[in-house]
Protein chains: 2
Amino acid sequence: MTAKGWEDIRAEVLRRIRARDWPPGQVIPGEEALALEFGVARATVNRALTALAKDGLLERRRKSGTRVAETPVRRATLDIPILRHEIEAQGRAYAFRLLDHRLTVPPLAVTARLGLAPDQPMLWLETVHLADGHPHAHEARWLNPALLPEPVPDFAQLSANEWLVRNLAFTAGDLAFLAEAAEGRVAEVFGVLDGAALLVMERTTWSGEAPITLLRLTHAPGHRVQMMV
Amino acid sequence: MTAKGWEDIRAEVLRRIRARDWPPGQVIPGEEALALEFGVARATVNRALTALAKDGLLERRRKSGTRVAETPVRRATLDIPILRHEIEAQGRAYAFRLLDHRLTVPPLAVTARLGLAPDQPMLWLETVHLADGHPHAHEARWLNPALLPEPVPDFAQLSANEWLVRNLAFTAGDLAFLAEAAEGRVAEVFGVLDGAALLVMERTTWSGEAPITLLRLTHAPGHRVQMMV
DNA sequence: GATCTTAATATGTCTAGACATAATACCGAA
DNA sequence: TTCGGTATTATGTCTAGACATATTAAGATC
């Protein structure tokens, strides 16, 4: 076992985990011991183990040491694209149409989720994104008006998403996928019957303590969101 | 701007990117220059920039230098849980029932997707996962029998997913989410009408060149798959 | 002008040693 | 026994310097 770089060490440790030389839950030798065994500096071992820990295969704690994760959690990563780029990357023409926009008091569920006062008005935007003229996704968005400049940008010209990406830094956010039956305007946009199964992506973003936006993106029928593991 | 650790430097560089001090596409100062500016060693700057590159905010190339990514791709990570753990973590009782299992030739779409000979039989497993006795997810799985030991594990006792996680290392895989209308046995399992919108996770995994399994996990109505950004 | 060779350069990684920090183990006092 | 304080320990991070490597730019040759 001639280990030269940190990736070799990473690979060898991974092999031992998979081969059950170091079974789940077991504490593995410390960095110093491994550095000695592999004939490298401790920093090199550290880099390899840190990488494995980031991938969820090891759990590391000061003083306790490093142990093999009980449940080898697999992590998948999703690149959240700007819709325009996603569509143009497929060689299709992108366009969008702003269906509705107004300042209004959102439902309680929305303000509660964002931690805002229940009677505070927010900017409501409803947009349909088109690929080669066909509806690709329906976007329903609540936007915190406190974070917008005066005058408010013209979201009929520049999509809210792109404006946000370019102008507001977000520090935290979460994202969920769910399936929902089409109804009302969404069904109408996609030209499907009420009740058709559609994939919805829900997203909230925050700038420090201040909520930026709550977004529901309903995809066209049959759409798949692909991730790499 | 007193920068002490690599995370401070990461934060400051991020701030400059967002503030458009360094606009998209622009080459930023080299590591040596930044190390000088921040009063740290080059390795510390390297760590910060490497982290930002992994997050998709910078693009780095030897000799060319480091530039701000044109499209600030956001990456979300999904921890793919073992269903039993996910359910038990919510304080609910986990159980599963094997509805069907047999060795049979899969449809063409399956063998084509996995790159196997079209007439090669595979192990078909249909399972329902229960939380507190209520159906939580319906699992339909094709499994490559060439990778199983003799005798074949008893998947009525140990769920196929857990057996795989524990015994087969996979090197690659992909994952997709889609919405689908309930029908047949799936509708029956969840006690919903045909046509109800359900969230489906499709997953294929490989061990080197050999496909391991193709899985369709249909979630209970209303289920949300949550990710952190 | 076109192609091959060579030098220059920014990032990638390693080392040896040092100090920081979190978490545990130990021990003494109430 | 229980509660705090203290020592110990493994990981986390930094430094200064070095060499490796990919890639581009410049130069030489045909």
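Chain identifiers are assigned alphabetically (A, B, ...) following the order of the sequence lines, protein sequences preceding nucleic acid strands; residue numbering begins at 1 within each chain.
Rounded to the nearest 0.5 Å, atoms CZ (A/R16) and CD (A/Q26) are 11.5 Å apart. Here the CE atom belonging to A/M227 is positioned 3.5 Å from the CE atom belonging to B/M227, to the nearest 0.5 angstrom. Annotation: the span from A/I82 atom CD1 to A/E88 atom CD amounts to 10.0 Å, rounded to 0.5 Å.
Between B/E59 and B/R67, no side-chain nitrogen of the basic residue sits less than 4.0 Å from a carboxylate oxygen of the acidic one, so the salt-bridge criterion is not met. A salt bridge links A/E202 with A/R113; the closest basic N to acidic carboxylate O contact falls under 4.0 Å. Ion pairing between a basic and an acidic side chain is recognised when a charged N comes within 4.0 Å of a carboxylate O; A/E7 and A/R10 show no such pairing.
No donor-acceptor contact under 3.5 angstrom links the side chains of B/E139 and B/N161, judged on distance only.
Distance from the side chain of A/K63 is smallest for D/dT9 among the nucleotides D/dA22, D/dT9, D/dT23.
An OP1 or OP2 oxygen of D/dA22 is reached within less than 4.0 angstrom by no side-chain nitrogen or oxygen of B/S64. Phosphate proximity of D/dT24 to B/R61: present, with a side-chain N or O under 4.0 Å from OP1 or OP2.
One interatomic measurement links the two molecules: CD of B/E59 to C1' of D/dT23, which rounds to 16 Å at whole-angstrom precision. Residue A/L58 contributes atom CG, which lies 17 Å from atom P of D/dA10 at whole-angstrom precision. Between the C1' atom of D/dT21 and the CZ atom of B/R60 lies a distance of 14 Å, rounded to the nearest Å.
Contacts between residues 20-28 of chain B and DNA chain D, defined by a heavy-atom separation under 4.0 Å, are absent. Contact check of residues 42-51 of chain B against DNA chain C (heavy atom, cut-off under 4.0 Å) returns B/R42, B/N46.
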Subject >> Worked check of side chain to side chain contact (heavy atoms under 4.5 Å, CB included) between B/L143 and B/L148 >> reply: CA-CA 9 Å; B/L143 194 49; B/L148 296 178; 4.2 Å; yes
**OP:** Could you give me the CA-CA distance, side-chain angles and deciding distance for A/E31 and A/R60, then say whether salt bridge (Lys or Arg N to Asp or Glu O under 4.0 Å) is met?
**Re:** CA-CA 11 Å; A/E31 295 185 348; A/R60 320 194 72 203; 2.6 Å; yes
**OP:** List the steps, then state whether side chain to side chain contact (heavy atoms under 4.5 Å, CB included) holds for B/L215 with B/W142.
**Re:** CA-CA 6 Å; B/L215 161 72; B/W142 291 98; over 6 Å; no
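Bounding nucleotides for the chain B contact on DNA chain C, 5' to 3', at a heavy-atom distance below 4.0 Å, are C/dA8 to C/dT13.
No close placement of the B/H138 and B/H219 rings is indicated, their centers lying 6.0 Å or farther apart.
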